[in-house]
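Worksheet for the structure shown next.
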2 protein chains.
Amino acid sequence: MPTPRVTLLDVARRAGVSRTTASFVMAGRTDMRISAEAEHRVLHAARELNYRPNLMARGLRTKLTRTIGLVSDTIASEAFAGELIRGSFSTALLHQHLLFVGETEGDDTVEMQLLQDMLDRGVDGFIYASMYTRPARPPSALRGHRFVLLNCVAEDHRVPAVLPDERGAGRTAAGLLLDAGHRERIFLVGETPEEVYAARERRAGVEEALAQAGSALAGTVECLWWPEPAYQAVREFFGGGPHATALICLNDRVAFGAYQAAAEAGLTVPDDVSVVSFDDSSLASWLRPGLTSIAIPHFELGRLAVELLLAEVPAHDVHRVTMPLRERESVAAPRPEKVNGRAGMNVHSR
Amino acid sequence: MPTPRVTLLDVARRAGVSRTTASFVMAGRTDMRISAEAEHRVLHAARELNYRPNLMARGLRTKLTRTIGLVSDTIASEAFAGELIRGSFSTALLHQHLLFVGETEGDDTVEMQLLQDMLDRGVDGFIYASMYTRPARPPSALRGHRFVLLNCVAEDHRVPAVLPDERGAGRTAAGLLLDAGHRERIFLVGETPEEVYAARERRAGVEEALAQAGSALAGTVECLWWPEPAYQAVREFFGGGPHATALICLNDRVAFGAYQAAAEAGLTVPDDVSVVSFDDSSLASWLRPGLTSIAIPHFELGRLAVELLLAEVPAHDVHRVTMPLRERESVAAPRPEKVNGRAGMNVHSR
DNA sequence: CGTTCGTGCTGAATCGGATTAGCTGAGACT
DNA sequence: AGTCTCAGCTAATCCGATTCAGCACGAACG
């Protein structure tokens, strides 16, 4: 059987003081007048007995449980939700908090129930996370409670939210290629529907940076963000038309497909085509040559969300977290190009 | 501000009964005599007021919080810990429980603190998980509490544990190749140190099944379980010696490396070499051709662990969960082999 | 010498339930 | 009529903290 827990009363008795006094000492409250001697006796007794406050009892009184609810639409996704949980968890722990996790699978009923279940257990606040960045209306059950949106934004932008800086990432990707000397033949790979935040913003960032350098995208290879469709699309792309000196793949899976298509077309990365990508999933480091990718800072997103949730002064705005560049071997200078000639195979087969 | 919670007293008052009566009705206890009429009034009032019991208050009295602690060494790993958490979470939810998660990073001090933190919040039990299967001594803080080991076994085997059936998976892998007609030239790819459970068991399973069919491994390509080392090792392997008709890769990353080496050697999967693997990470489905792999049933592992933890009668033994085969396109019959001749390139270049 | 003030501490209430130990009134039984 | 039973409920206590409202005592003050 579990050893019967030591209570505050046990500590108080052993220290020869009242429970009240013991409570004040343990809470470290200085507004009440406790002699140094009594304080020491209490502390000593607590240590000797290995006292641990019962957080349920405390919570009942104070309404604070040092507990956070992380509710998400999906907790298992290709992208490492694990890192996000880790970031949240370790930051919570740093602040002596613990983390409830739960997923709703996008079901509003489940979501409602989950939030209630957490509320029933007295959570101090919520991290309402989406695994893929999207707009969201915070559920009404959150009204009156502290919460931070993670990876999603409320329509009115009045709610604290944490987002990856996708636009900045787009700029980074383009900037990297520009620096390497690419200019005319940079293609985007992957579809960019307006309603997908990551897609829209990444593209916007790329176009921004290119425009600023007096350049522009040479075109887009439309495909779903998966290896197979990307492979098909890029293969077709390599089959005809003007060749690219660089590909900006909208995520690593797309890049993976592009790698395969490139290999099949006899093109070498990065000598014939440079490839940059987004997400920096583990796939990026497994590819040969290593794929340069702009990471989604999952850990940092989780960390910041918890930090904002637990901050003294509640945040009220959208925080964008920089997406760090992870340079590997997939980017190089473009091959010298014949004036008005074609790059790629032509040069390659010189 | 949060709407002031409705308490049991509110319900009782509205129903015109005492708190005691309301409590009995809500708990659905029939050992106390409550008139159908009073019961109905209470239920009605509870519904009208949208009453939700305060689980902290209840827990304070009953020592039950309907809460489980999932403590693991790592929650973010290549293998999708997410699925494991999902399995645990959804099963917990099915039983009206919520899940605390935490990782120790293998640090005993952190582990101790984490367990204490959970205990302080009155968790009803623990899932002590390891992300990679290994032996473990359940920490002393768990003494006197309910817990289930996940992905690890205690030395004395007296503690309930849930494990993937790695040996069975090994048999499955070998069986699949045998069924396809492979016999003489099956190689294992990846090192198999004795102390790594998954490695040892997978290999043992393979050897068992092969022996039973009167065959045996043609050899092992030693390498770390990562794409790059696997690529190097398999490339070298393809460079010399007798060629394989089939490769059993000890995980998908290894298979990925093998795919690359095969492609480079001009070998086609599965026509020249069949490849089977373990883990069934998403990588397996991204590879071309799709990689046949034997999955780690993360979700099921989590599910079963929670199920055992919450079972009426405590479990006391080791439960092995079948690792399901996910067939894709990487296995085919071996090319017809010249009697006493060499398979592989010879046949290929016929 | 009586009052005030500050120091150091304690009793009791409180949080919201669960649970134990009755209490009441009506019908059955003697 | 008096006593038992039993259905149907309630008062009081407990769980383990926090916190409000004082209480006692000695020193300082007028």
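Naming: A, B, ... by sequence-line order, numbering from 1 per chain.
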Review point. Which residue pairs pass the salt bridge (charged side-chain N to carboxylate O under 4.0 Å, His left out) test when at least one of the two sits in residues 94-106 of chain B, sequence neighbours left out?
Key: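 Listed once each, the pairs are A:Arg86-B:Glu103.
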Exercise for review: Applying side chain to side chain contact (heavy atoms under 4.5 Å, CB included), name anything that partners A:Ser23, two or more places apart in sequence or on another chain.
Suggested key: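 Counting only residues at least two positions away or on another chain, A:Ser23 forms a side chain to side chain contact (heavy atoms under 4.5 Å, CB included) with A:Leu8.
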Practice item. Could you pull out all residues at least two apart from A:Arg146 that satisfy side chain to side chain contact (heavy atoms under 4.5 Å, CB included)? Key: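 Only A:Leu309, A:Pro314 meet the side chain to side chain contact (heavy atoms under 4.5 Å, CB included) criterion with A:Arg146.
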Exercise for review: Go through the structure and list residues passing ring pair (Phe, Tyr, Trp, His ring centres under 6.0 Å) with A:Tyr197, not counting sequence neighbours.
Suggested key: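 Not a single residue meets the ring pair (Phe, Tyr, Trp, His ring centres under 6.0 Å) criterion with A:Tyr197.
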Point to revise | Listed partners of A:Tyr51 passing ring pair (Phe, Tyr, Trp, His ring centres under 6.0 Å), at least two apart | key: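 Result, ring pair (Phe, Tyr, Trp, His ring centres under 6.0 Å) vs A:Tyr51: none returned.
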Check your understanding: Taking five pairs at each end, how big is the angle between the two axes of the helix from C:dC1-D:dG30 to C:dT30-D:dA1, to 10°?
Key ->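 Angle reported: 80°, given to the nearest ten degrees.
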Exercise for review: Would you give a per-nucleotide map of nucleotides 6-11 of chain D, 5' to 3', where B means the base has a protein non-hydrogen atom under 4.0 Å away, S means only the sugar-phosphate does, and - means neither?
Suggested key: -BBBBB
**Study point:** Spacing of A:Arg5 atom CZ relative to D:dG16 atom P, expressed in whole Å
**Key:**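 It is 9 Å, rounded to the nearest whole Å.
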Point to revise | Nucleotide interval of DNA chain C bounded by contacts with chain B (heavy-atom cut-off, under 4.0 Å) | key: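 Reading along DNA chain C, I get C:dG16 to C:dT20.
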Practice item. Under the salt bridge (charged side-chain N to carboxylate O under 4.0 Å, His left out) rule, collect the residues that match up with A:Asp117, sequence neighbours excluded. Key: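 Once residues adjacent in sequence are excluded, the partners of A:Asp117 under the salt bridge (charged side-chain N to carboxylate O under 4.0 Å, His left out) criterion are B:Arg52.
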Review point. Residues in salt bridge (charged side-chain N to carboxylate O under 4.0 Å, His left out) with B:Arg29, at least two apart?
Key: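 Salt bridge (charged side-chain N to carboxylate O under 4.0 Å, His left out) check on B:Arg29 returns B:Asp31.
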Review point. Are the aromatic ring centres of A:Phe100 and B:Phe100 under 6.0 angstrom apart?
Key: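 Between B:Phe100 and A:Phe100, which both carry aromatic rings, the centre distance is below 6.0 Å.
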Practice item. Output every pair passing side-chain hydrogen bond (donor to acceptor under 3.5 Å, both in side chains) with a member in residues 93-102 of chain A, not counting sequence neighbours, ordered by first then second residue. Key: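 Of all non-adjacent pairs touching residues 93-102 of chain A, those that pass side-chain hydrogen bond (donor to acceptor under 3.5 Å, both in side chains) are A:His95-A:Glu307.
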Check your understanding: Near DNA chain C, under 4.0 Å by heavy atom, which residues of residues 49-58 of chain B?
Key ->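 Heavy-atom cutoff 4.0 Å gives B:Tyr51, B:Arg52, B:Pro53, B:Asn54, B:Ala57, B:Arg58.
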Practice item. For the pair B:Asp120 and A:Arg5, find out whether any cationic side-chain nitrogen is under 4.0 Å from an anionic carboxylate oxygen. Key: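 A salt bridge is present here (some side-chain N lies under 4.0 Å from a carboxylate O).
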